[in-house]
Amino acid sequence: RSEMGSTAALSHTGSVAGADAIYDGACSQYRLIRARSVSEFYDTLRAFAKQPVPAGNRVCVLTHMGGPGTICIDEISTLPSLRMAEFSPETHGAMKSILSPAANVGHPSGYIDLTAAHYENLHNQVLKLLFQDKNIDAVIQILAPSAFLDQKLLAQEISIAYESQQGEKKPLLNVVTFGDFADELRRRLEDASLPTFDYPDMVARVAGNLSTYAAHRRAAVARLQEGAVTIRPARRTDGPAAELIASASRQGRISLLEPEAYGVCLQYGIQVPPFRLVDSVESAVGAAREIGYPVVLKVVSAEILHKTDIGGVMLGVNSDSVLEQSYSKLVGNVRKAAPRIDMPSVLVQKMMPTATELVLGGVRDKLFGPCIMFGLGGIYVEVLKRVGFRLAPLEHEEATDLIHQTLPPALIAGARGRKKMNVDAIADALVSLGRLFDEQPQVEQVDLNPCLPTDDGCLAVDARIIIAKQTGPA
């Protein structure tokens, strides 16, 4: 909050980049499992020590108490690493034949509430059915043994069911409530290498951590089998970026002008709409005719970083007459906000059709170094904060993972009649952005917001590049 200082307000990327968000992205990028509390850390370690890794992410919740069961599945619904299993027809039918008519089987999917009509051997029978179901990868059991149940016998029946599994075992994680009252049950389950947990939401997070690790391991094996090799460019990217940045620095500026930022983007293969820089209304009309209406007018000045705030952007300019009126209004707004600017330079840019607004950006963090940001863009980027981070430089696969982990699948697929996003091409742009930070050490922040997805990538409709302030002699 404080170490970013004044530069944090210079770009959307800086305002949403915090140490925790970047730390979270680094953990995801390098396949690290992040525990959100000390309790989760130690509970996860115990699960790894005593239980096998699940083959997938499909989990079943078995309970005889509706409240704790609901808490558990609510937590599961927030974890992208888990999903509730779908019982096979055979399992569903077998359950119905042995359980009380009042029992809840499969509402919601993967959930079983035995109700109070449960007994020791019933847990054994149900667990065996769940372990045999190929649609289930892990089982969570929530226990609050009633006074009429024999805790020693219940632990024995659960242990026998677990050991009855053929081949690779599925993990079984048990929640034991009621504290000291159920001490014998807890102790005997632990002695049988069946870890116990205090709370139903915590066991869901532990199961999610096991599933995350299993997914990381499967992905690593797949990469080895495919013989994936990291290939980095042998030489620096050719273009004007270094000189543009050096020139701005010599002038004492801490940001590139928008046309300069577009030049840097183009050098690194990041698409931008057609644009022209003009200094008169006559030139603006000629540029608009050349580019093709509709166009956008934007003020270009080192003194004005947030153009929209002072009325320095005119949208939807669709004819010569409208352009002349908009140009005059823009110049007037600029003169009011910055009286020293008499005749500002103006960017004439092609106005693009409406599309899902994304943000691609980056920040040079004091601890982690250059970090790349991706997420939902537009004017609400600081409010929604639907963004993720990765450390730069990054590989194409890491960029693809960032996209899928940040955006809802329906949005990527093309929600509300919009085209499906070209994830590979967007990932290429993120990789290029990482290379920009790697090759241009003076770049502190990059903010491409909004970026509009296209058939072959994404288009940076607005570009802002913040550079380090020169400390030595000019």
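These figures come from a predicted structure and were not determined experimentally.
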Side chains of [X] and [Y] only: does a donor on one sit below 3.5 Å from an acceptor on the other?
X: Y268; Y: Q440; value: yes
X: S321; Y: S319; value: yes
X: S247; Y: Q251; value: yes

Rounded at 0.5 Å granularity, tell me how far [atom1] in [X] sits from [atom2] in [Y].
X: I71; Y: T63; atom1: CD1; atom2: OG1; result: 10.0 Å
X: T196; Y: L194; atom1: OG1; atom2: CG; result: 9.5 Å
X: L323; Y: L297; atom1: CG; atom2: CG; result: 5.0 Å
X: F374; Y: I403; atom1: CZ; atom2: CD1; result: 5.0 Å
X: D201; Y: E40; atom1: CG; atom2: CD; result: 10.0 Å
X: L347; Y: R276; atom1: CG; atom2: CZ; result: 10.0 Å

[X] to [Y] - nearest heavy-atom pair and separation:
X: I304; Y: A338; result: CD1-CB, 4.4 Å
X: I270; Y: S432; result: CG1-CB, 4.4 Å
X: A355; Y: P453; result: CB-CD, 4.3 Å
X: E258; Y: V461; result: OE2-O, 4.0 Å
X: Q442; Y: S249; result: NE2-OG, 3.4 Å
X: E357; Y: G378; result: OE1-CA, 3.0 Å

Report yes if the side chains of [X] and [Y] come closer than 4.5 Å at any heavy-atom pair, otherwise no.
X: I465; Y: L244; value: no
X: M84; Y: V61; value: yes
X: F87; Y: C60; value: yes
X: R83; Y: R58; value: yes
X: D462; Y: P450; value: yes
X: Y327; Y: V317; value: no
X: L358; Y: M421; value: yes
X: I112; Y: L130; value: yes

Check E398, R390, E395 against Q29 for a side chain to side chain donor-acceptor pair (under 3.5 Å) and give me the one that passes.
E398
Tell me whether [X] contacts the main-chain N or O of [Y] through its side chain, where contact means a donor paired with an acceptor under 3.5 Å.
X: R364; Y: V443; answer: yes
X: S283; Y: V278; answer: no
X: R205; Y: T44; answer: no
X: Q267; Y: T237; answer: yes
X: R464; Y: A261; answer: no
X: E75; Y: A204; answer: no
X: S328; Y: Q325; answer: no
X: H396; Y: D424; answer: yes

What verdict does the side-chain contact (heavy atoms from CB on, under 4.5 Å) test give for D320 and R289, after you've listed the backbone C-alpha separation in whole Å, the side-chain angles of each residue and the deciding distance to 0.1 Å?
CA-CA 8 Å; D320 290 355; R289 289 174 178 174; 2.4 Å; yes
Is a salt bridge present between D137 and K170, judged by a nitrogen-to-oxygen distance below 4.0 Å?
no
Whether F275 and Y262 hold their rings parallel, tilted or perpendicular, with breakpoints at 30° and 60°:
tilted
Would D447 and V359 count as a side-chain contact (heavy atoms from CB on, under 4.5 Å) if you check the C-alpha gap in whole Å, the side-chain angles of each, and the deciding distance to 0.1 Å?
CA-CA 7 Å; D447 196 46; V359 58; 4.0 Å; yes
Answer yes or no: are there more than 12 heavy-atom neighbours, outside [X] itself, under 6.0 Å from its atom [atom1]?
X: Y42; atom1: OH; value: no
X: Y293; atom1: OH; value: yes
X: Q165; atom1: CD; value: yes
X: K420; atom1: NZ; value: no

Given the ring of F197, does R46 sit roughly above its face, with NZ or CZ under 6.0 Å from the centre of the six-membered ring and within 45° of the axis?
yes
Please walk me through it: do Y199 and D43 pass side-chain contact (heavy atoms from CB on, under 4.5 Å)?
CA-CA 11 Å; Y199 304 109; D43 280 348; over 6 Å; no
Mind checking whether F389 and F368 have ring centres under 6.0 Å apart?
no
side-chain contact (heavy atoms from CB on, under 4.5 Å) between L277 and L257, worked out
CA-CA 11 Å; L277 185 64; L257 300 176; over 6 Å; no
